[in-house]
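Single-structure report; data block below.
Below, chain A is the first sequence line, B the second, and so on; all start at residue 1. These numbers were taken from a predicted model, which means no experiment stands behind them.
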Amino acid sequence: MAYWLMKSEPDEFGIEDLYRSPQQTAPWDGVRNYQARNMLRDQMQEGDLVLFYHSSCKPPGVAGTARVVRAGYPDSSAWDPESPYFDPKSTPDNPRWYRVDVQWCSTFPRLVPLDRLREVPALAGMPLLQKGNRLSVMPVTEEEWQTILGLAGV
DNA sequence: GCCAACGTTGGC
DNA sequence: GCCAACGTTGGC
């Protein structure tokens with residue numbers, strides 16, 4: 001089983017939106033970056049655990065956890081002309097983009113802010129904290145996972 | 001709103 | 001295949 005961190009803007013889709021989804025489950029779609037796509041398509045497996053990160057908000061940080069309940073499958077929003085994620089280069093016969101389904105697991109009693117993550121030496125290697133990193137899906141080590149859950153007080 | 005960093009596009 | 005221009009991300 002692997003651990004991941006996934007970013008979402010809470011104005012668009014935050015952990016409360018996942019909590020309120022049917023079966024507390026939602027597709028994680030709209031990822032349009034090849035590096036992230038490869039992880040969604042090739043690596044993320046049912047049962048993997050996810051840190052749900054809130055970005056582009058005040059303050060940004062880890063808001064809770066989720067679980068992958070369906071491994072990578074084609075992101076049909078790419079061939080929906082009505083979707084903001086429409087990409088005419090992706091077709092059902094030759095899908096370019098992928099998504100997974102995630103289910104809500106926990107909302108932290110308090111968000112663990114990005115500032116706090118930066119203070120912890122054990123987390124210094126996280127891609128999230130590297131200058132210029134823009135990946136919206138990234139792997140997390142078990143040690144990092146445990147450290148962040150510790151910071152969240154859970 | 002700014003801007004650094006990075007990815008993508010397209011002319012050549 | 002290079003690289004300048006442009007678009008996007010996301011913290012500040």
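Here the side chain of A:Lys89 is nearest to one of C:dG11, C:dG7, B:dT9, namely B:dT9. In this structure, of C:dG11, C:dT8, B:dA4, it is B:dA4 that holds the atom nearest to the side chain of A:Lys131.
A:Trp97 and A:Tyr34 have tilted rings, their planes meeting at an angle from 30° to 60° on a 0 to 90° scale.
For C:dG10, the OP1/OP2 oxygens have a side-chain nitrogen or oxygen of A:Lys7 closer than 4.0 Å.
Taking atom CG of residue A:Leu128 and atom C1' of nucleotide C:dG10, one finds them 11 Å apart after rounding to whole Å. Rounded to whole Å, atom P of C:dG10 lies 8 Å from atom CG of A:Asn133. Put simply, CD on A:Glu12 is 11 Å from P on C:dT9, counting in whole angstrom units. The interatomic distance linking A:Leu117 (CG) with C:dC12 (C1') rounds to 16 Å, in whole Å. Per the geometry, CG belonging to A:Asp87 stands 13 Å off P belonging to C:dT8, to the nearest Å. A straight line from NE2 of A:His54 to P of C:dC12 spans 17 Å, rounded to a whole angstrom. As a whole-Å value, the separation of A:Asp115 CG from C:dG11 C1' is 10 Å. One atom, CE of A:Met138, and another, C1' of C:dT9, lie 12 Å apart when rounded to the nearest Å.
In this structure, the side chain to side chain contact (heavy atoms under 4.5 Å, CB included) partners of A:Arg70, at least two apart in sequence or on a different chain, are A:Tyr73, A:Asp101. For A:Arg20, the side chain to side chain donor-acceptor pair (under 3.5 Å) partners are A:Asp17, not counting sequence neighbours.
Contacts between residues 28-37 of chain A and DNA chain B, defined by a heavy-atom separation below 4.0 Å, involve A:Tyr34, listed by number.
A donor and an acceptor atom, one from each side chain of A:Asp75 and A:Ser77, are located under 3.5 Å apart. A donor and an acceptor atom, one from each side chain of A:Arg134 and A:Ser55, are nowhere located under 3.5 Å apart.
Of the residues listed (A:Tyr19, A:Trp28, A:Trp104), the one engaging A:Phe52 in a ring-ring contact (aromatic ring centres under 6.0 Å, His included) is A:Trp28, and it is the only one.
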I'd like to know whether A:Glu144 forms a side chain to side chain contact (heavy atoms under 4.5 Å, CB included) with A:Leu128, so could you lay out the CA-CA distance, the side-chain angles of the two residues, the decisive distance to 0.1 Å, and finally the verdict.
CA-CA 11 Å; A:Glu144 290 161 352; A:Leu128 178 72; over 6 Å; no
